[in-house]
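One structure is given below, encoded as structure tokens.
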Amino acid sequence: MSSVEKSSKVSGLYKMPVEKRVEFVKNFSDLNEEETKIFSSSLDIETADRMIENVLGTFELPLGVAVNFLVNGKDYLIPMAIEESSVVAAASNAAKIARIKGGFTTESTDPLMIGQIQLLNVKDVVGAAQKILDHKKEILRTANAQDELLVKFGGGAKDLEIRILDSPIGKMIVIHLIVDVRDAMGANAVNTMCEALAPILEEISSGKVRLKILSNLADKRIVKSKAVFDKEKMGGEHVVDAFLESYTLASIDPYRAATHNKGIMNGIDALIIATGNDFRAIEAGAHAYAARDGFYTSLSSYHKDKNGDLVGELELPLAVGIIGGAGNIHPKAILCKKILNIKTAQELAGVVASLGLAQNFAAVLALSTAGIQKGHMSLHAKNIAVMAGAKGDQIDKVAEQMIKEKKIKLDRAKEIFEEIR
Ligand code: MEV
């Protein structure tokens with residue numbers, strides 16, 4: 001049976017020992033013995049030394065798996081690399097609720113990235129802009145000559161857009177090169193094309209090219225994910241109403257919107273890191289998109305449907321790749337992509353957006369009901385128990401006692417530990 005037919009719905013994974021969890025993922029994703037060993041190995045130092053400069057070692061993050069995800073009718077186990085407790089559990093719970101009404105559905109634009117070329121010292125900016133447009137075919141041909149493979153796979157430079165901007169140093173022309181980057185993140189392809197276009201643009205305009213670089217505001221590479229969250233599973237229609245009250249603040253207030261969007265990025269970044277993608281690019285794009293109308297607001301939106309269920313939608317730019325970059329070098333990123341069983345960058349983007357929506361839903365639901373500290377406290381208490389010296393079964397005993405007493409402090413953990421050992 002292929003993993004496409006297997007269900008990602010599972011309960012009690014968190015109670016299993018790590019080996020059993022690995023076994024579950026191994027079966028779901030048809031991993032071999034060698035691949036399962038990668039979970040507990042580190043990036044080798046030679047590879048790390050080739051990735052960045054002045055390498056001293058490697059830096060580990062916990063790698064977990066979110067379960068229950070159904071996206072466009074396909075089951076996914078979602079690997080997440082993150083240091084924050086409760087995030088993986090919250091995403092899995094949200095996905096479980098979303099499953100009841102059919103899971104997440106996504107749509108996306110073509111994978112179009114924008115490259116910017118800044119043209120200065122142009123006397124007649126309007127005339128030069130027209131001349132550049134008149135040479136569009138030739139400019140696109142020069143750009144596409146830089147990446148014949150991309151063109152062969154249906155991608156490549158597709159269009160030009162011209163902007164004339166006023167600035168403290170005078171008027172400038174900014175040319176946007178629109179490139180379909182297919183399954184890549186696209187930075188390399190776009191930057192190479194932009195650099196290659198500088199001489200021809202200078203010749204056409206008699207100006208001077210300064211910056212030539214991709215824009216992280218990838219607003220032509222948009223992904224949407226939508227899900228319906230069952231009102232009964234949320235705790236009743238009054239909880240849906242409470243949720244919508246909380247959400248309203250994020251929609252009108254940048255102070256809340258920043259935190260609300262941070263919750264979305266908790267999920268998104270964890271998957272972006274696990275697949276070796278560039279989380280700074282995703283963050284930059286997401287927040288710039290959240291302020292696209294001149295006012296920073298929520299990336300997600302919610303409303304109640306006729307049935308009283310909660311409908312959630314998330315829309316954002318997602319420049320993710322499944323080829324090239326660290327994702328092709330880092331053994332764990334390669335493994336995570338196998339677990340996901342994704343075939344295209346657009347499919348990955350749909351899963352990323354769905355995870356972001358799940359994460360956001362879970363956080364706002366908790367904030368609208370019991371608050372988030374309850375969930376956080378259990379793992380926090382366990383960490384304090386370990387700091388007090390507890391090992392194995394003692395950790396849960398010390399943590400449970402502190403939670404019962406509502407006193408999660410190192411002094412108390414040490415006392416309880418002394419009592420039980
Ligand atoms: C914490 O990492 C994320 C939250 O603050 C998100 C939110 O407030 O919506 C819980």
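Just so you know, ligand 1 is whichever comes first in the structure, and atom 1 is the first atom listed for that ligand.
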Does a side-chain N-to-carboxylate-O contact under 4.0 Å join Lys407 and Glu415?
-> no
Parallel, tilted or perpendicular: ring planes of His260 versus Tyr247, cut at 30 and 60 degrees | tilted
Lys101 and Phe229: CA distance, side-chain angles, deciding distance, side-chain contact (heavy atoms from CB on, under 4.5 Å) verdict | CA-CA 7 Å; Lys101 301 276 172 184; Phe229 298 97; over 6 Å; no
Per-ligand residue contacts, ligand 1, heavy-atom threshold under 4.0 Å = Glu84, Arg256, Thr259, His260, Lys262, Gly263, Asn266, Ala363, Leu367, Ile372
Is a salt bridge present between Lys158 and Asp110, judged by a nitrogen-to-oxygen distance below 4.0 Å?
-> no
When you look at NZ of Lys226, are more than 12 heavy atoms from neighbouring residues, nucleotides or ligands closer to it than 6.0 Å?
-> no
Has Arg292 got its NZ or CZ under 6.0 Å from the middle of the six-membered ring of Tyr289, at an angle within 45 degrees of the ring axis?
-> yes
